[in-house]
Amino acid sequence: MHALRRWWHDTAGGLPATFWYLWAGLLINRAGAFAMLFLSLYLTDVRGASEGLAGTVVGAYGAGGAAGVLLGGVLADRWGRRATLLAAHLATVGLMVALAFTRPLLLIAVLSALIGVVHSMPSPAFVAAIVDVVPAERRSRAFNLQFWAFNLGMAVASLLAGVLAEASFTALFLVDAGATLTAAAVIAWKVPETLRLARPAAGPPPATAAPKSVRTRRPGLHTALTDRTFLVFVGLTFVLAVLTMQTSTIMPLAMRADGLGPSAYGLVVALGGALIVVGQLFVPRLIDRHRKDVVLAASTALLALGFGALAIADELAIYLGAAVVWTVGSMLAAPPNAQINADLAPPQLRARYQSVFYLTFPAAAFVAPTLGGVSLQHLGDRHWLIVGGLGLLAALGHLLAGPPRERHVAALRRAVDPEPTSTADRVPTG
């Protein structure tokens with residue numbers, strides 16, 4: 001019993017009540033965000049769209065997502081985290097209901113692009129709010145729980161979507177809207193505005209006290225886009241995202257070439273999801289005593305080895321074994337990745353920094369299939385050796401970038417008082 005209490009404390013202890021309401025909102029949001037998973041099938045089977053047109057509409061949703069990430073970051077720093085979350089959730093509800101009853105394909109395309117915007121807006125605000133209320137020494141476990149909730153919600157969404165899509169696509173969109181409205185209600189009821197906790201207690205420090213990469217007369221989105229230390233980290237995260245995207249973009253093609261069908265691919269993906277849901281809660285005890293750059297280097301190396309092993313994969317057992325390796329890498333990477341991102345952001349620009357960070361994922365979603373498809377076609381199994389080599393270089397990059405990055409963070413903390421621990425600790429804990 002003592003060991004169980006100790007594990008729970010290390011995994012979820014000492015986190016503010018506001019965090020848990022944000023966590024619940026995120027879980028409800030992701031568990032209900034299933035309608036767009038079946039958008040292409042809805043367009044072709046119900047609305048009679050061609051595969052090419054369906055792909056264009058889905059692409060519009062993705063383009064809207066890239067714009068929404070940046071918009072959400074700017075608004076969360078200007079309006080506030082709570083206001084941005086509520087605006088995005090309520091807009092999603094209205095657009096999703098409209099999509100359920102819209103027939104013209106042109107209007108469906110416009111609505112899909114707008115839904116892409118409002119679906120992505122909450123991400124920077126969610127993370128910025130978590131950073132606002134969780135003390136620095138507890139953020140690793142907070143981000144670990146966030147990653148777990150996201151994946152658990154996606155797993156639930158995938159199961160619910162299949163059932164609802166067979167019954168009624170209209171019901172699919174309406175239930176999605178209902179889940180989003182429920183998440184908005186939780187936020188409106190229990191989540192206060194946290195932006196004030198991010199404001200320095202005293203006036204802003206002189207510009208000369210800050211690191212060169214974060215000096216600016218009028219801090220804004222361009223501050224993040226010209227912060228070289230931050231951009232190096234974003235670049236390394238982009239490589240990690242490209243590796244991760246191999247699972248959903250290139251690996252299915254490789255498995256088909258090896259004579260393995262969709263059910264085999266589904267089994268590999270399901271194994272990864274199950275490992276995260278079951279094992280992610282044990283990650284904090286494994287990594288909290290280690291430097292973040294070392295953990296990221298090790299996790300990226302595991303991703304590299306897992307995908308590199310596909311160069312010799314020709315049967316399901318090897319794919320499953322490789323999936324275990326790269327999934328463990330993803331699990332280890334999630335908390336320090338989010339924590340470093342939070343550490344690098346000046347408090348008044350937290351959401352903007354988050355928005356630039358989150359752009360790596362749509363960018364990787366474009367690059368991974370575009371270049372990966374050509375690479376697999378012309379290089380065959382050697383494609384996986386290139387992917388593995390790229391991952392190992394990124395692991396080395398984390399080791400080299402870690403010490404100067406920590407010095408940069410220390411300088412930023414000296415220049416700006418991001419959030420006194422006493423302020424964060426005054427938030428009620430659950």
Side-chain angles (χ1 to χ4, degrees), residues 12-33 68-69 71-94 96 117-136 138-154 156 176-199 338-339 341-342 345 347-355 357-358 418-430:
L15 294 172
T18 299
F19 164 78
W20 288 110
Y21 291 119
L22 286 165
W23 182 89
L26 176 64
L27 180 61
I28 295 168
N29 180 290
R30 297 318 305 171
V69 163
L71 178 62
V74 172
L75 292 180
D77 280 336
R78 289 185 177 178
W79 286 2
R81 324 315 193 195
R82 184 176 185 271
T84 302
L85 288 170
L86 289 175
H89 281 72
L90 293 176
T92 298
V93 172
M96 197 64 70
V117 173
V118 295
H119 263 182
S120 297
M121 281 176 58
S123 296
F126 263 123
V127 178
I130 290 172
V131 178
D132 291 343
V133 302
V134 177
R138 299 172 188 162
R139 286 177 189 158
S140 176
R141 67 187 69 171
F143 289 131
N144 188 68
L145 289 165
Q146 177 208 6
F147 181 71
W148 182 72
F150 184 90
N151 283 277
L152 179 60
M154 288 297 293
V156 173
D176 189 314
T180 305
L181 184 61
T182 302
V186 170
I187 294 167
W189 181 35
K190 286 295 187 180
V191 177
E193 180 52 64
T194 66
L195 180 58
R196 65 182 182 275
L197 298 177
R199 303 300 190 195
Q339 192 173 4
N341 189 29
Q348 71 273 24
L349 300 176
R350 277 177 180 159
R352 289 178 174 90
Y353 269 62
Q354 291 293 334
S355 67
F357 173 79
Y358 273 99
E419 63 172 49
T421 303
S422 59
T423 301
D425 283 342
R426 284 198 295 268
V427 179
T429 57

### Task
Locate the shortest heavy-atom distance separating Met121 from Leu71; write the atom from each residue and the value.
SD-CD2, 3.9 Å
### Asp77 to Gln348 - nearest heavy-atom pair and separation
CG-O, 3.5 Å
### Query
Are any of the side-chain heavy atoms of Leu145 and Phe19 separated by less than 4.5 Å?
yes
### Query
For the residue pair Arg350 and Asp132, what are the closest heavy atoms and their distance?
NH1-OD1, 2.7 Å
#### Entry: Thr18 side chain near Pro192 side chain, heavy-atom distance below 4.5 Å
yes
### Query
Phe143 versus Val131: any side-chain heavy-atom pair under 4.5 Å?
yes
### Message
Please check this pair: side chain of Ser120 against backbone of Gly68, looking for a donor-acceptor N/O pair closer than 3.5 Å.
### Response
no
### Summary
Closest heavy-atom pair, Pro16 versus Val134, reported as atoms and distance to 0.1 Å, is CD-CG2, 3.9 Å
### Task
Please say which of Val186, Leu181, Thr180 ends up in a side-chain contact (heavy atoms from CB on, under 4.5 Å) with Ile28.
Val186
### Closest heavy-atom pair and its distance - Pro347, Arg81
O-NH2, 4.1 Å
### Query
Between Trp148 and Trp23, what is the ring plane arrangement, given parallel below 30°, perpendicular above 60°, and tilted in between?
parallel
### Query
So do Asn29 and Thr92 actually touch side chain to side chain, heavy atoms under 4.5 Å?
no
### Query
Should Asn341 and Gln354 be marked as a side chain to side chain contact (heavy atoms under 4.5 Å, CB included) after you check the CA-CA gap, both sets of side-chain angles, and the distance that decides it?
CA-CA 7 Å; Asn341 189 29; Gln354 291 293 334; 2.9 Å; yes
### Query
How long is the gap from CZ on Phe150 to OG on Ser123, to the nearest 0.5 Å?
7.0 Å
### Summary
Taking every heavy atom of Ser140 against every heavy atom of Gln339, the minimum-distance pair comes out as CB-OE1, 3.4 Å
### Contact check, side chains of Phe126 and Ile187, non-hydrogen atoms, under 4.5 Å
yes
### Query
Could you state the interatomic distance from CZ (Arg141) to CD (Gln146), rounded to the nearest 0.5 Å?
15.5 Å
### Task
Check whether more than 12 heavy atoms from other residues, nucleotides or ligands sit under 6.0 Å from atom OH of Tyr21, and answer yes or no.
no
